[in-house]
Amino acid sequence: MVPLQSSGGSLPRHVLRQNLPMTATPVTGGAPADLPAAGDRLVRGACPHDCPDTCALVTTVRDGVALRVQGNPAHPLTDGVLCTKVSRYAERTYHPDRVLTPLRRTGPKGAGRFEPVSWEEALADIAARLSAIAARDPEAIVPYSYAGTMGQVQGEAMAARFFHRLGASLLDRTICASAGGEGLAYTLGAKQGMKVEHFARSRLILIWGSNSVGSNLHFWRLAQEAKRAGARLVCIDPRRSETADKCHEHVALRPGTDAALALALMHELIVHDWLDHDYIARHTLGFEALRERALQWPPERAAEVCGVPADQIRRLARDYGTTRPAAIRLNYGMQRARGGGNAVRAVACLPALVGAWREPAGGLLLSSSGNFPVRREALQRPDLLAGRRPRVINMSTIGDDLLRPASAAFGPRIEALIVYNSNPVAVAPQSSRVVQGFAREDLFTVVLEHFLTDTADHADYVLPATTQLEHWDIHAAYGHTDVLLNQPAIEPLGQALPNTEIFRRLARAMGFNESCFGDDDETLCREAFGDAVDWQQLLAQGFVPLPVPDAPFAEGGFPTPSGRCEFFSERLAQQGLDGLPDWLPNHEAPGTDARYPLAMISPPARNFLNSTFVNVTSLRDIEGRPLLEIHPQDAAARGIVSGAMVRVFNDRGDYHCEAEVTERARPGVVNGLGIWWRKLGPRGTNVNELTSQKLTDLGRAPVFYDCLVQVEAG
Ligand code: SF4
């Protein structure tokens with residue numbers, strides 16, 4: 001395997017700035033050993049991972065080998081800095097376990113035993129198997145993908161064309177963000193909000209449901225800048241995260257109680273008249289109804305629900321009602337409970353009540369993705385459905401759905417699953433059901449992957465996919481407003497192919513001869529934004545900022561049906577739902593089942609990104625072993641000490657991991673850090689053994705943080 005230099009070193013900014021005006025610029029002249037040498041190329045790219053920061057990358061390539069991957073200092077938000085995870089991207093790319101040839105199963109499902117086969121043989125057999133199923137009913141074939149890459153091209157472009165042409169089931173991609181996304185859209189109208197760079201000038205920042213230090217690093221740098229300039233930082237999170245450590249205050253509420261806290265804040269804003277009446281009158285809808293709802297939530301009531309002192313709620317409301325500019329960085333952690341959609345709606349009402357949107361450094365950011373004019377129809381070609389309306393499978397209930405028989409309501413039994421950009425056996429909820437489904441000998445499973453993940457182990461065929469260093473892609477973002485282009489830095493390793501090329505070849509093998517299956521990846525990248533983004537600028541610079549106003553809702557103009565911030569949503573009321581935000585108790589509310597007295601959340605371990613990077617040795621070494629954080633009181637009551645193995649369990653299953661007795665966990669709540677590959681954890685399980693397939697109030701999303709358990713030593 002190719003010898004590598006450490007990928008952690010930093011490339012001096014003057015070198016990158018000098019050499020970045022041209023794509024893949026040859027570096028000339030003498031340079032010290034740790035700097036680019038003559039003949040090296042610097043290639044601009046984009047981080048593909050599911051992270052709001054969507055960093056701009058620079059890969060140094062020598063003799064066709066990627067030496068290191070670094071942050072592009074010319075991109076203002078990235079500013080030359082990557083997180084620890086992606087600074088190891090070269091290590092991941094050249095990992096000795098990369099799948100580099102097509103593989104065909106030789107053992108039982110799940111055993112991970114395969115033999116190499118040629119592309120021709122693999123594609124011919126897959127096409128024959130899918131054609132036979134499609135002849136009976138194409139909806140028996142299901143695509144399964146998510147954000148293993150966030151790229152518009154290696155995500156849902158050629159893949160979507162293939163499945164649309166086939167008439168396969170559609171996939172409802174709900175696993176991460178759809179509850180909050182819908183909550184935001186019903187309130188503000190779209191996934192839009194503050195421009196992230198303006199947080200640096202906020203005077204008060206509520207970091208709500210986010211461990212920004214670990215999962216939104218570049219926002220955290222801006223928050224630090226604001227803090228140095230005198231801003232107050234408040235972290236609202238059940239876990240005392242690394243971010244909470246560094247904020248002025250931590251509000252350690254119970255999981256799934258965020259809406260109650262937001263309603264109590266509204267109560268205080270209203271009774272103390274910390275309101276912007278002019279903004280409310282001109283730019284909001286439903287204030288009187290919201291007022292009535294909020295007045296039912298005095299701080300004492302919320303304190304009871306949230307498990308935090310009423311005085312802390314009062315103080316927080318006073319700070320929020322009297323500080324300008326005040327900003328909220330909301331993230332998706334808080335919407336992973338039954339009432340997640342309502343919780344986002346409640347929080348999203350706050351800035352309009354106090355008129356925070358008037359200033360660039362005030363307002364709220366959950367996601368900026370609604371700013372990007374992605375031409376999805378051009379990329380995904382839903383016209384290839386030719387009038388068919390396939391059923392929709394919710395990816396969050398894949399465990400149950402794989403085990404469901406054919407019925408009039410469900411449609412055909414799932415006979416084939418094509419998985420790309422996802423590892424559902426590790427990441428989907430209630431993994432015992434997911435594993436049982438994937439283990440069906442009559443299920444034909446194809447997995448496009450870099451590694452033999454828990455999911456790939458269950459495949460009939462594993463097809464080797466390229467990494468971000470080996471293919472073209474183009475990226476929107478959900479934490480900033482720049483479009484990024486990813487150019488290939490190196491040739492594909494082994495026989496790996498981009499997802500696009502795999503679906504192109506599969507389409508050919510299936511006899512799909514529409515001309516759209518001939519589009520190459522550069523063409524797809526250009527199609528993603530059409531004329532909305534300057535292609536030459538993207539090629540030359542690697543990124544192009546969108547023309548987004550600095551204070552997008554200063555004068556209202558919300559992209560809702562009313563053009564106002566909708567405290568009351570007529571669209572929800574018409575569906576028979578509550579038109580106002582409210583607190584909905586968890587499906588598994590603490591105190592409702594004596595057998596399972598602890599609430600569990602499963603935030604990501606800092607050095608993993610969902611289940612990606614778990615097999616990168618240097619990162620796994622930092623994490624050590626799968627951990628459960630438990631408060632000293634809860635640990636003492638169970639005779640548990642740090643370092644002891646514990647059994648975490650509920651009716652859905654058992655998870656074995658190591659305990660860490662720590663005040664990072666609040667009393668009554670345990671934190672099962674994820675998401676380990678099952679096969680790399682003790683006894684082959686991970687935390688999703690315990691999570692349920694129940695869904696949220698809005699967005700049909702999973703409730704990973706709405707889960708009761710018991711813990712015992714052993
Ligand atoms: S995971 Fe996030 S912080 Fe890390 S490099 Fe990618 S976009 Fe940047």
Side-chain angles (χ1 to χ4, degrees), residues 2-29 31-49 51-95 149-151 213-222 466-473 475 477 479-480 482 484-490 538-543 606-607 609 612-613 616 618-619 622:
V2 182
L4 286 180
Q5 295 185 5
S6 159
S7 55
S10 69
L11 202 57
R13 291 185 185 176
H14 72 277
V15 174
L16 284 167
R17 287 203 167 107
Q18 271 173 14
N19 289 291
L20 280 174
M22 299 286 288
T23 298
T25 309
V27 180
T28 55
D34 63 335
L35 298 182
D40 284 1
R41 294 185 307 127
L42 301 177
V43 183
R44 294 180 194 82
C47 175
H49 291 294
C51 168
D53 297 20
T54 312
C55 288
L57 309 180
V58 177
T59 302
T60 305
V61 182
R62 183 177 300 165
D63 299 329
V65 175
L67 296 183
R68 62 179 82 83
V69 179
Q70 293 167 287
N72 183 348
H75 182 240
L77 190 67
T78 306
D79 197 23
V81 176
L82 301 181
C83 63
T84 314
K85 302 175 282 263
V86 175
S87 66
R88 314 290 168 99
Y89 204 82
E91 181 183 346
R92 185 177 186 277
T93 298
Y94 293 108
H95 194 297
T149 171
M150 297 288 286
V213 171
S215 56
N216 195 185
L217 177 66
H218 296 79
F219 155 76
W220 177 248
R221 286 156 56 94
L222 297 164
T466 45
T467 69
Q468 190 79 339
L469 301 190
E470 301 157 70
H471 56 226
W472 284 91
D473 215 330
H475 289 252
H480 61 70
D482 301 338
L484 271 71
L485 182 67
N486 185 75
Q487 301 193 48
I490 57 172
L538 265 181
L539 283 173
Q541 180 173 273
F543 62 93
R606 186 167 169 180
N607 291 285
L609 207 157
T612 308
F613 297 106
V616 175
S618 64
L619 294 170
I622 300 171

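Because the structure is a prediction, the values reported are computed rather than measured.
With rounding to the nearest 0.5 Å, the separation of CG in N486 from CG in L57 is 7.0 Å. D40 contributes atom CG, which lies 4.0 Å from atom CZ of R62 (distance to the nearest 0.5 angstrom). For the atom pair R92 CZ and L469 CG, the distance stands at 10.0 Å (nearest 0.5 Å). Taking CZ from R606 and CG from L619, the interatomic distance works out to 12.0 Å, rounded to the nearest 0.5 Å. The distance from the OH atom of Y89 to the OG1 atom of T467 is 4.5 Å, given to the nearest 0.5 Å. Atoms NE2 and SG, from H475 and C47 in turn, are 8.0 Å apart once rounded to the nearest 0.5 Å.
Nearest heavy-atom pair, H49 versus T612, reported as atom, atom and distance to 0.1 Å: CE1-CG2, 3.5 Å. When every heavy atom of L82 is checked against every heavy atom of C55, the shortest pair comes out as CD2-CB, 3.8 Å. When every heavy atom of T54 is checked against every heavy atom of A477, the shortest pair comes out as OG1-CB, 3.5 Å. A66 approaches T59 most closely through the heavy-atom pair CB-CG2, 3.7 Å. Heavy-atom minimum distance, L484 versus L538: C-CD2, 4.2 Å. Taking each heavy atom of F543 and A74 in turn, the nearest pair found is CZ-O, 3.3 Å.
Using a 4.5 Å cut-off on side-chain heavy atoms (C-beta onward), M150 and D473 make no contact. The shortest distance between side-chain heavy atoms of V43 and T60 does not fall below 4.5 Å. Proximity of V65 to I490: side-chain heavy atoms (C-beta onward) are nowhere separated by under 4.5 Å. Residues L77 and F219 are not in side-chain contact: their nearest non-hydrogen atoms beyond the backbone lie 4.5 Å or more apart.
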Next on the checklist: Using the rule given for side chain to side chain contact (heavy atoms under 4.5 Å, CB included), can you reason through V81 versus L217, listing the C-alpha separation, both sets of side-chain angles and the distance that settles it, and then say yes or no?
Outcome noted: CA-CA 9 Å; V81 176; L217 177 66; 4.3 Å; yes
Item to check | Stepwise side-chain hydrogen bond (donor to acceptor under 3.5 Å, both in side chains) check, Q70 with S87 | outcome: CA-CA 6 Å; Q70 293 167 287; S87 66; over 6 Å; no
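At distances below 3.5 Å, not a single donor-acceptor pair connects side-chain atoms of R68 with backbone N or O atoms of A90. Although no hydrogens or angles enter the test, the distance criterion places no donor-acceptor pair under 3.5 Å between the side chain of E91 and the main chain of R88. The closest donor-acceptor contact from the side chain of T78 to the backbone of G80 lies at 3.5 Å or more, if one exists at all.
Listed by chain and residue number, D53, L609 satisfy the side chain to side chain contact (heavy atoms under 4.5 Å, CB included) test with C51 (two or more places apart in sequence, or in another chain). Partners of H471 under the side-chain hydrogen bond (donor to acceptor under 3.5 Å, both in side chains) rule, at least two apart in sequence or in another chain, are T466, Q468. Not counting sequence neighbours, the partners of H480 by the ring pair (Phe, Tyr, Trp, His ring centres under 6.0 Å) test are H75.
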